[in-house]
Amino acid sequence: MKISGISDPILPLTKKQKCASNIVLGGLLCIAGVILVLAGTGVIKASARDIAAPTVLFAFGLAVMISAIIAKNSISMWIAGVIIACGTTSLLDVTSSAGYANLYPIYIAAPGIGCVFSVWFAEAKFPQFKVMAFFGVLAILFSLGASGVCGYGLVCGLLAAFAGLCAIYGAVESYLKKDKVNNA
């Protein structure tokens, strides 16, 4: 499959791999169900309503991650990273004093976190690192406002400057690629 000029072969799962992946998914969802039942009956001192989202997100994210490892599939690994990042945000909302108003930058970082997971199986590593850096910087900038370190007026100015730097980088990168093609 061609993605942005990069070939990353995605092979179908064998019958054994599909079976193993489905068993893992079923097992993790059973564990999530038991956790939620225990919370619902008071055995675990947490509200089933509060822990439902992180429990299911972690179960599904781990299942996708294990399936991706079995298949050595970078795209599925990226999806697992994004789901686990979202599950972590939900878990932190429930277990810490920080609310979503402070935690939402993790959602902004999620595509970069997905790249952290997928880089191990990706054929081309540099594009993964560029995405990690891009979404990492965005998340850091939004974290400044979410944490109260500075106001959103300053954050918007920093975002505009970052957008300008990205535009300059894109223009130079595009020019240099064309130059290499023309000189070849």
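Residues: numbered from 1 along the sequence shown.
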Point to revise | Listed partners of Y152 passing ring-ring contact (aromatic ring centres under 6.0 Å, His included), at least two apart | key: none

Exercise for review: Tell me, please, which residues at least two apart from Y100 pass ring-ring contact (aromatic ring centres under 6.0 Å, His included).
Suggested key: none

ILVMFWY cluster, [X] and [Y] together (side-chain gap under 4.5 Å):
{"X": "L91", "Y": "V116", "answer": "no"}
{"X": "L159", "Y": "F134", "answer": "yes"}
{"X": "V149", "Y": "L103", "answer": "no"}
{"X": "I108", "Y": "I106", "answer": "no"}
{"X": "V172", "Y": "L165", "answer": "no"}

Would you compute the distance between atom [atom1] of [X] and atom [atom2] of [Y] and round it to the nearest 0.5 angstrom?
{"X": "I113", "Y": "S118", "atom1": "CD1", "atom2": "OG", "value": "12.0 Å"}
{"X": "F117", "Y": "M65", "atom1": "CZ", "atom2": "CE", "value": "6.0 Å"}
{"X": "F142", "Y": "S147", "atom1": "CZ", "atom2": "OG", "value": "13.0 Å"}
{"X": "T89", "Y": "N102", "atom1": "OG1", "atom2": "CG", "value": "12.0 Å"}

Kindly give the heavy-atom pair with the smallest separation between [X] and [Y], and that separation in Å.
{"X": "I51", "Y": "T55", "answer": "O-OG1, 2.6 Å"}
{"X": "L154", "Y": "C150", "answer": "CD2-CB, 3.6 Å"}
{"X": "W78", "Y": "P111", "answer": "NE1-O, 3.0 Å"}
{"X": "V155", "Y": "G145", "answer": "CG2-N, 3.6 Å"}
{"X": "V64", "Y": "S76", "answer": "CG1-O, 3.3 Å"}
{"X": "G99", "Y": "D93", "answer": "CA-OD1, 3.5 Å"}

Practice item. Would you check, one step at a time, whether the test side chain to side chain contact (heavy atoms under 4.5 Å, CB included) holds for F121 with I69? Key: CA-CA 9 Å; F121 296 128; I69 291 169; 4.3 Å; yes

Review point. Is any side-chain heavy atom of V82 closer than 4.5 Å to a side-chain heavy atom of I79?
Key: no

Check your understanding: Taking the side chain as C-beta and beyond, is there a heavy-atom pair between L158 and L144 under 4.5 Å?
Key -> yes

Ignoring hydrogens and angles, tell me if any N or O in the side chain of [X] forms a donor-acceptor pair with the backbone of [Y] under 3.5 Å.
{"X": "S21", "Y": "Q17", "result": "yes"}
{"X": "N73", "Y": "A68", "result": "no"}
{"X": "S174", "Y": "G170", "result": "no"}

Inter- and intrachain pairs under salt bridge (charged side-chain N to carboxylate O under 4.0 Å, His left out), touching [range], at least two apart:
{"range": "residues 17-33", "value": "none"}
{"range": "residues 97-121", "value": "none"}
{"range": "residues 124-136", "value": "K130-E173"}

Practice item. Check the surroundings of atom CZ in F60: do more than 12 heavy atoms from other residues, nucleotides or ligands lie under 6.0 Å from it? Key: no

Can you give each donor-acceptor pair under 3.5 Å made by side-chain atoms of residues 24-39, sequence neighbours left out, with the distance rounded to 0.1 Å?
none

